[in-house]
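The figures that follow rest on heavy atoms only: side chains count, while hydrogens, waters and symmetry mates do not.
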2 protein chains.
Amino acid sequence: MTTVFNDPTQFAQDMLAGFCRLHADTVEPVTGGAIRATETPEGKVAVVIGGGSGHYPAFVGWVGPGMADGAVVGNVFSSPSTQQVHAVATAAERGGGVFLSYGNYAGDVLNFDLAQERLITDGIPTKTVVVSDDITSASTEERHKRRGTAGDLVVFKIAGAAAEAGYDLDGVVEVAERANDATFSFAVAFAGCTLPGDSEPLFTVPAGRMGVGMGVHGEPGIGEQDVLPASELATMLVDKLLTERPEGATRAAVLVNGLGGTKYEEMFVLWNSVAPLLDEAGVEMVAPEVGELITSLDMTGVSLTLFWLDPELEELWLAPAQTPGFRRGAAVATTRRTRTATDAAADTSFPPASEASQASAQRLVEIGTRLAAVLHEHEEEFGKLDAIAGDGDHGRGMTNGADAALNALTAAVNAGAGVASALAAAGDAWGDRAGGTSGALWGAGLRAAAGALSDEEAPSGAAVRAAVRAALDQLLSYGKAERGDKTMLDALIPFTEALEQDDRDLSAAWSAAADIATEHAQATADLTPRIGRARPLAERSIGHPDPGAVSLALVMRTAAP
Amino acid sequence: MTTVFNDPTQFAQDMLAGFCRLHADTVEPVTGGAIRATETPEGKVAVVIGGGSGHYPAFVGWVGPGMADGAVVGNVFSSPSTQQVHAVATAAERGGGVFLSYGNYAGDVLNFDLAQERLITDGIPTKTVVVSDDITSASTEERHKRRGTAGDLVVFKIAGAAAEAGYDLDGVVEVAERANDATFSFAVAFAGCTLPGDSEPLFTVPAGRMGVGMGVHGEPGIGEQDVLPASELATMLVDKLLTERPEGATRAAVLVNGLGGTKYEEMFVLWNSVAPLLDEAGVEMVAPEVGELITSLDMTGVSLTLFWLDPELEELWLAPAQTPGFRRGAAVATTRRTRTATDAAADTSFPPASEASQASAQRLVEIGTRLAAVLHEHEEEFGKLDAIAGDGDHGRGMTNGADAALNALTAAVNAGAGVASALAAAGDAWGDRAGGTSGALWGAGLRAAAGALSDEEAPSGAAVRAAVRAALDQLLSYGKAERGDKTMLDALIPFTEALEQDDRDLSAAWSAAADIATEHAQATADLTPRIGRARPLAERSIGHPDPGAVSLALVMRTAAP
């Protein structure tokens, strides 16, 4: 959906005006589009690119040193007029002739060709390279009929770098044609885009399906199929593009392009599968680009481009460029770090421990094993209870936490850890893997409890009571809740107090305290949450006990020593 | 919709792996997130930022010189765990202490605070500034309760620049707090985002409505209202933010942030309204940023941020930075151009013309006036005819073209142009404003016709016949169609031939030729288009004449001299 606009018929002009206003140091509006606002050497070939609007950063985002001298800005998804092309080229030219380049669409070809004729009539030498990289739009035999897509960036970058380096017009044409011949793209689309002022998308793709080989304006592709997982999508794109790999080609610039509605995170996920596949195929990737390069408003979809390099093209591809939408080169000098990063989590050694403390740690493994089993039994129940007023993930959070804690405990015991270190490791693992606020609090509580124990001796009853109190104090300090707020504290506070006040042996006192905790957990049904819930959800929870309090009571019952 | 993923539970990890693979020269993955891969001076304060995933370029996109030393990467829209924060901070620290910063959300506060406590226990001095810039989420009195949104970029940039400049930990905290206190954001959302693996969006906004003051995870805002035109939206955002303008503040960094599904073009349109409003309010804008800064997957919506500067903050805001998602500083040195751009379209002078040729040009104005009136009468009819197998814009294209041509003719005649120059100007205007392929061809044809006339004398019958032939030749050369392809050529070719073969005076010959063109235009009903139409559309047009041929015949009938 395109939502932010004034008069939809003025969208392209308003966009251009805002863009030029924002980047006034770099670009200047002229009739038909924009040109560089910066000094350009006399006699330099003027690289003039363009096309319809709606493809940002293509095309006006690429005006600046190392790329284009000017961009012609048509209406949304429409070719600019002959007059626009002529006006921008006339404003951009610096005595070295004009190099025109754009994606291969009938309207653009017509208008750029007519403008070229007029420029030549004006006495301005003008030549054109049309970008045709979309392999699904025509066969290799009809290469010139292929549409121009993300390959635009490749050809414009190469031509821009060549012109900046002082190539003459024929020289720019030669490398740009070579770049175009070496560039191959393949796109899939998941959903259509909506033009400013329209309420329906330009085209639709059924949910869960994708259009294969669609053009940047929704032009028909070569088929439609179910959406694939990212790794299979990567395989499909890479395999297809490698069928047109030139003989002997090994080094390639690679582009993953998002069509607008597909986010950077998704493109990074895709790249994580694309790069290893290209590695395996012996492709050396040079300065790859992953991002929104040539978009189609809010269309969702991605394309992959391979641009096979020779030494000259590689040098031009790597040359500096500084435009609002594409930059190459360092603004800050850096050196690759040689020292190895300290990875705190990779440190698995434990302080020396007494045999007694190691034996207590072993007891923790037994408790942890019991606990994990019991929590798995109750996972669904806790999930349902949490879904009444929350996001329903409490059961999963508790089992994730308990499983991770058990693994950490086992590893710690095998590494000879004492009870304090083993419990700290368990708390870390719980907090790290359980997720959510309750996971963090469980982790912090277990870790605080560990701080009251030692690796030198088996914990006394007093030490265990102190550990429980330390955990409670930690939760009170970080959880921002109090007793009566309908949280796990409504079970933990009575448990702790009962355990402290019961001077029987630890086992008897613990079991009694666990019974008390269970009663209090059930009694939270009468409470209304006071924090962390929107009002309707808070009210919905009345009559149901708090899942955090219930699960804590269950843990205490199960963990009885 | 989030479409590209493998296992949705591994989305954040896959994203991070792909990101680090792509930017291996800049960042290095560590447990819990990523740190710089480049050398960092011993003793520098380590700036560690973070939060949930799904907000790219926030947060991992901001690791690099001038910004963060490390980013903690939680699951999608979830706080990272205490252990993750601790691990990344430990890997990033260089002996100067750790500065933690993140947006104000309960889960993040809990986990970063717990991690800070552990870092201090480890002997690493650690301090925190929590970003709280969203003015709709709490009152000025409860500033610390405000959520963190695009203000993240401000605070991280300031802290990053200060740390890079050698500020100590207290110094970094001081400027970061000052920056946070001076930063105010306001957001609207048009539609919700969909988490990886989910089929329904996290929240919805009714079509045509917008949520006002919503948070970056769809947190409830302060209201809902109809979507506004861009200029009114700008007024709403600017006015609201200016209510919290600090006394005497004049210079501000300004951010327009897109939430993911709102495109750059839309943000430029918005900027085109925001900047003048701030200008009027006496706000001097310093290095504004318009783009996707902190996104929410594919959520559509925008936010505006004002960051009020003092000299120290301005220097830090402008300091160089080089990260995958934010760059400041030049990779290529440039100078602002001093020469004025040649604006071809601004040149409205005409070559000297004879009185006879000027009189003929005046005749063209009369013909143009008639033509525009007749085409407006037929606009709807041509639109309907075109809609049968095309996009229905032919009527509008012809009236736009004729109106623009008439304006240009009138201006040319008023400026003393001869008939050749006046017709060329008319052709340019038609081609520039009519739009579409037929507009470009009409413009090119009229211009070619003008080339067969002169500004020295009134056109003879032979000259007019030559002009028509020149127009036809131009269309044959650029239009890629032939007779019988069901285009305007099916009327223009018989018209031209009849005119050339009829040796009566021009007026009689022209009228007869126009009748012949009309017959041929109607006869195109029997043809099937051979170019530029998909097959079902081509078939649908059988039995209906070609709108381009019919309109051409009408123009010829109306233009009879």
**Q** Under a 4.5 Å heavy-atom cut-off, does chain A meet the side chain of B/A106, its backbone, both or neither?
**A**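 The answer is neither part of B/A106.
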**Q** Give, as side chain, backbone, both or neither, the part of A/S78 having an atom under 4.5 angstrom from any heavy atom of chain B.
**A**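 Neither part.
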**Q** Quick one: what part of A/A321 sits under 4.5 Å from any heavy atom of chain B, side chain, backbone, both or neither?
**A**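 The answer is the backbone of A/A321.
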**Q** Side chain from CB out, backbone as N, CA, C, O: work out which of these in B/V109 comes under 4.5 Å of a heavy atom of chain A, or both, or neither.
**A**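 Answer is side chain: those atoms of B/V109 sit under 4.5 Å from chain A.
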**Q** If you count heavy-atom pairs within less than 4.5 Å of chain A, which of B/T300, B/L233, B/L228, B/L114 leads?
**A**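 Sorted descending by pairs with chain A, the first entry is B/L114.
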**Q** Is chain B contacted by the side chain of A/R433, its backbone, both, or neither, given a heavy-atom distance below 4.5 Å?
**A**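 For A/R433, no heavy atom lies under 4.5 Å from chain B.
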**Q** Can you tell me how far CZ of B/F268 sits from NE2 of A/H23, rounded to the nearest 0.5 angstrom?
**A**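 A/H23 NE2 to B/F268 CZ: 5.0 Å, rounded to 0.5 Å.
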**Q** Can you see which heavy atom on A/T82 is nearest to which on B/A440, and at what distance?
**A**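 Shortest heavy-atom contact: OG1-CB, 4.5 Å.
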**Q** What part of B/T335 is in contact with chain A, defined as an atom under 4.5 angstrom from a non-hydrogen atom: side chain, backbone, both or neither?
**A**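 B/T335 touches chain A through backbone and side-chain heavy atoms alike.
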**Q** Go through the atoms of B/R118 and report whether side chain, backbone, both or neither lie under 4.5 Å from a heavy atom of chain A.
**A**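 B/R118 touches chain A through side-chain heavy atoms alone.
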**Q** Between A/G32, A/G329, A/A234, which shows the greatest number of heavy-atom pairs under 4.5 Å with chain B?
**A**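 Result: the option with the highest number of such pairs is A/G329.
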**Q** Who wins among A/E289, A/M15, A/Q10 for the most heavy-atom pairs under 4.5 Å with chain B?
**A**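 Most heavy-atom pairs under 4.5 Å with chain B: A/M15.
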**Q** Give, as side chain, backbone, both or neither, the part of A/T26 having an atom under 4.5 angstrom from any heavy atom of chain B.
**A**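 Interface part for A/T26: neither.
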**Q** So, for A/G431 and B/S81, which heavy atoms are closest and what is the spacing to 0.1 Å?
**A**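 The pair with the smallest heavy-atom distance is O-CB, 3.3 Å.
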**Q** Which atoms of A/S231 are under 4.5 Å from chain B, going by heavy atoms: the side chain, the backbone, both sets, or neither?
**A**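 Its backbone and side chain both get close to chain B.
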**Q** Indicate yes or no for a side-chain donor-acceptor contact from B/E232 to the backbone of A/N6 under 3.5 Å, with no hydrogens or angles considered.
**A**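 Answer holds: no.
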**Q** Taking A/R336 for its side chain and B/A24 for its backbone only, find out whether a donor-acceptor pair lies under 3.5 Å.
**A**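 Side chain of A/R336 to backbone of B/A24, a donor-acceptor pair under 3.5 Å: yes, one is there.
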**Q** Which one, A/P57, A/P65, A/G291, A/G107, leads in non-hydrogen pairs under 4.5 Å with chain B?
**A**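 Most pairs with chain B among the choices: A/P65.
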**Q** B/D432 versus chain A, heavy atoms under 4.5 Å apart: side chain, backbone, both or neither?
**A**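 Both backbone and side chain.
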**Q** Can you tell which part of A/Q474 gets under 4.5 Å to a heavy atom of chain B, answering side chain, backbone, both or neither?
**A**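 Only the side chain of A/Q474 comes within 4.5 Å of chain B.
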**Q** Could you measure the distance from the CG atom of A/D14 to the CH2 atom of B/W271? Nearest 0.5 Å is fine.
**A**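 Spacing of CG (A/D14) from CH2 (B/W271) equals 15.5 Å.
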**Q** Which atoms of A/V227 come close to chain B, meaning under 4.5 Å heavy atom to heavy atom: side chain ones, backbone ones, both, or neither?
**A**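 Interface part for A/V227: side chain.
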**Q** Check whether A/E266 reaches the backbone of B/F5 with its side chain - one donor and one acceptor, N or O, closer than 3.5 Å.
**A**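 Absent.
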**Q** Would you say that A/E39 contacts B/T334 through its side chain, given a criterion of any heavy-atom pair below 4.5 Å between the two side chains?
**A**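 A side-chain contact is absent here, since even the closest heavy-atom pair is not under 4.5 Å.
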**Q** Indicate yes or no: at least one non-hydrogen side-chain atom of A/T2 is less than 4.5 angstrom from one of B/K263.
**A**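 The answer is no, as the side chains (C-beta and beyond) never meet within the 4.5 Å cut-off.
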**Q** If you take all heavy atoms of A/R21 and B/N272, which pair is closest and at what distance?
**A**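 So the minimum-distance heavy-atom pair works out to NE-OD1, 3.2 Å.
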**Q** Using non-hydrogen atoms only, which part of A/E292 is less than 4.5 Å away from chain B: side chain, backbone, both, or neither?
**A**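 Just its side chain gets close to chain B.
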**Q** Is it the backbone or the side chain of A/D113 that comes under 4.5 Å from a heavy atom of chain B, or both, or neither?
**A**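 Both parts, heavy atoms under 4.5 Å.
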**Q** Name the orientation class of the two ring planes belonging to B/Y56 and A/Y264 (parallel below 30°, tilted from 30 to 60°, perpendicular beyond 60°).
**A**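 Aromatic pair B/Y56/A/Y264 classed parallel.
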**Q** Counting only heavy atoms closer than 4.5 Å, note whether B/F190 contacts chain A via side chain, backbone, both or neither.
**A**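 Just the side chain, heavy atoms under 4.5 Å.
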**Q** Does B/T262 reach the side chain of A/T3, with side-chain heavy atoms less than 4.5 Å apart?
**A**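 Sidechains of A/T3 and B/T262: no contact.
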**Q** Roughly how far, to the nearest 0.5 Å, is the CZ atom of B/R327 from the CD atom of A/Q322?
**A**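 With rounding to 0.5 Å, CD (A/Q322) is 8.0 Å from CZ (B/R327).
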**Q** Between A/G301, A/G260, A/S273, A/P320, who has the most heavy-atom pairs with chain B when the cutoff is under 4.5 Å?
**A**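 Option with the top pair count is A/G260.
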**Q** What's the separation between atom CG in B/L110 and atom OG in A/S438, rounded to the nearest 0.5 Å?
**A**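 B/L110 atom CG to A/S438 atom OG measures 10.0 Å (nearest 0.5 Å).
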